[in-house]
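Note that these values count all heavy atoms, side chains included, but never hydrogens, waters or copies made by symmetry. The chains referred to below are lettered A, B, ... by the order of the sequence lines, with proteins before strands, and numbering in each begins at 1.
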2 protein chains.
Amino acid sequence: MGIQERKRKHKEDLKQLILDAAKKLFMKDGYEATSIRKIAAEIEFSPTTIYLYYKDKAEISHALHQEGFKILGQQLSILLVIEDPFERLKAMGKVYMQFALEHGDFYELMFIMKDPLQTIHDCADNHWEEGQQAFRLLLSGIQACQEAGYFRSMDPETFSLVVWSTMHGLCALQLKGHLDMVVAHKNILQDVDNVLQHTFETFIKMLEKLR
Amino acid sequence: MGIQERKRKHKEDLKQLILDAAKKLFMKDGYEATSIRKIAAEIEFSPTTIYLYYKDKAEISHALHQEGFKILGQQLSILLVIEDPFERLKAMGKVYMQFALEHGDFYELMFIMKDPLQTIHDCADNHWEEGQQAFRLLLSGIQACQEAGYFRSMDPETFSLVVWSTMHGLCALQLKGHLDMVVAHKNILQDVDNVLQHTFETFIKMLEKLR
DNA sequence: TTTGATTTATTAACACTGTTAATTATATTT
DNA sequence: AAATATAATTAACAGTGTTAATAAATCAAA
């Protein structure tokens with residue numbers, strides 16, 4: 001069978017094969033629904049084989065979270081061409097938000113769930129490379145803004161945390177369905193889909209006033 | 001036995017008894033660890049008895065989430081005595097944050113998890129009374145600030161969403177351990193416990209500039 | 001008071017979950 | 001070819017939420 005041939009072929013990088021299968025199921029049904037047994041069935045292996053390549057499910061979640069950062073990082077890196085620092089910061093916010101909406105499951109793994117960080121905390125490194133890299137990108141964006149006259153009186157690191165918090169709060173509330181439940185049946189004029197966009201624009205307007 | 005006597009005594013409001021047991025376990029071990037079976041064991045009933053009083057685990061989560069809003073609402077209502085609107089808003093933020101830190105499990109149930117909202121979405125009401133009430137409190141606080149000269153150019157509802165997002169983002173990132181992982185090993189000077197406080201103060205400073 | 005109906009609680013079971021120990025099959029090396 | 005090391009599997013443990021069928025307790029009517 002062609003399936004078995006491909007199986008033999010990829011037997012060496014089974015770890016990657018497992019991850020691909022996990023990714024596929026995860027993007028279709030979410031993290032909770034992606035069980036070890038289903039991943040194993042997907043690649044036609046026994047469930048316990050997974051444990052020869054990944055310590056536990058948390059380690060798989062960590063690998064998936066890294067995949068998510070690859071996507072986000074790639075999408076953010078494009079924005080470095082934007083010269084104007086505030087426009088760049090604005091675009092970063094837009095991309096971050098769009099990523100959260102389009103890849104909700106990834107976002108959850110990257111910024112909401114504890115499991116992936118648990119793996120990091122075990123592995124002695126104890127430092128979150130992906131997260132810190134993303135944060136440095138935001139920080140440098142904000143420092144560039146400061147050089148252009150924005151947020152002069154603010155400590156850049158702390159201010160970056162505020163900005164990140166706002167964006168994360170917005171995305172998290174939207175993803176988990178809490179935003180809709182508060183604005184629904186009130187603002188009948190604007191459809192629910194654009195509440196997020198509108199709130200983001202207000203945040204930008206707010207930042208714009210802080211020069 | 002005294003236990004059995006009390007059992008008989010409370011048999012009519014078994015629903016409340018179940019909730020109390022759930023609350024107790026939940027506050028000790030968190031939501032995931034609080035299984036139907038453990039709740040049943042706590043009150044010395046069969047696991048299936050729970051289902052005579054609650055449709056499913058999500059419905060219990062919803063009841064617990066309501067308990068959380070009772071605590072938060074009570075803590076926030078005290079602040080209404082503060083005359084100065086901006087000071088009141090600031091205090092609201094402080095209380096919200098302290099609640100999130102002290103009652104992390106409740107906070108998760110109220111603003112992060114989907115399960116409690118799921119129950120609402122089923123129950124035809126389709127409107128989140130607790131959440132909307134809390135939001136109205138924030139909204140009125142911000143409107144009071146506007147009358148005092150703050151945030152004049154902003155739409156109060158949308159601006160409230162921004163403020164809520166920032167506070168939620170901050171609390172959520174802290175609760176899930178993402179905040180520490182970004183600032184750790186960088187700012188060695190300030191201990192990790194006060195990063196949150198410091199970021200909050202910067203946010204307040206930011207709001208203060210928007211008059 | 002005893003029978004019958006109704007409510008309440010229980011047992012047993014289903015279909016899952018992550019994870020581990022013991023065992024078999026497959027490669028690799030001597 | 002035999003011995004060793006690696007890889008994969010089966011069986012099992014200890015849980016999970018949830019449902020159907022059964023038993024116990026309560027209450028109403030004869």
Next item on the list: Starting from C1' on D:dA7, measure out to NZ on A:K15 and report it in whole angstrom.
Entry: 15 Å

Check: Below 3.5 Å, does any donor atom in the side chain of B:R37 face an acceptor in the base of D:dG15, or the other way round?
Finding: no

Check: In whole Å, what is the span from the CG atom of B:L25 to the C1' atom of D:dT16?
Finding: 15 Å

Checklist line | Interatomic distance where CG belongs to B:D29 and P belongs to D:dT16 [whole Å] | finding: 11 Å

Check: Given side chains that start at C-beta, do those of B:Q197 and B:M97 come closer than 4.5 Å, heavy atoms only?
Finding: yes

Check: Between C:dA9, D:dT16, C:dT20, which one does the side chain of B:T49 approach most closely?
Finding: C:dA9

Next item on the list: Give the nucleotide from the list D:dG17, D:dA8, C:dA12 with an atom nearest to the side chain of B:I36.
Entry: D:dG17

Checklist line | Sub-6.0 Å ring centroid separation between B:Y53 and B:F45 | finding: no

Check: Base, sugar-phosphate, or nothing for A:K55, non-hydrogen atoms under 4.0 angstrom?
Finding: nothing

Next item on the list: Please check the phosphate of C:dT17 (OP1 and OP2 only) for any side-chain N or O of A:S35 closer than 4.0 Å.
Entry: yes

Check: The side chain of B:L14 lies closest to which of these nucleotides: C:dA9, C:dT11, D:dT10?
Finding: C:dA9

Check: In whole angstroms, how far is the P atom of C:dT19 from the CD atom of A:E59?
Finding: 11 Å

Item checked: B:F45 side-chain proximity, nearest of C:dT10, D:dA12, D:dA8 -> C:dT10

Item checked: Minimum heavy-atom distance between A:M181 and B:N126, given as atom pair plus value -> CE-O, 3.6 Å

Notebook entry, point to check: What is the distance, rounded to the nearest whole Å, between atom CG of A:L52 and atom P of D:dT10?
Noted result: 13 Å

Next item on the list: Assess whether one donor atom and one acceptor atom, taken from the side chain of B:T48 and the base of D:dT19, lie less than 3.5 Å apart.
Entry: no

Next item on the list: Starting at atom CD of A:Q118, determine the distance to atom P of C:dG18, rounded to an integer number of angstrom.
Entry: 16 Å

Checklist line | Nearest atoms (heavy-atom pairs only) where A:P116 meets A:L109 | finding: CG-O, 3.3 Å

Item checked: Nearest to side-chain heavy atoms of A:K57, which nucleotide of D:dG17, D:dT16, C:dG18 -> C:dG18

Note to self: By the 4.0 Å heavy-atom rule, please label B:S46 as base, sugar-phosphate, or nothing.
What the structure shows: base

Margin query: If I take atom CD in residue B:E32 and atom P in nucleotide D:dA14, what distance separates them, rounded to the nearest angstrom?
Written below: 22 Å

Checklist line | d(OH, A:Y51; C1', D:dA12) in whole Å | finding: 14 Å

Next item on the list: State whether A:Y53 places a side-chain N or O below 4.0 Å from either non-bridging phosphate oxygen (OP1 or OP2) of D:dA7.
Entry: no

Next item on the list: Ignoring hydrogens and angles, tell me if any N or O in the side chain of A:D13 forms a donor-acceptor pair with the backbone of A:Q16 under 3.5 Å.
Entry: no

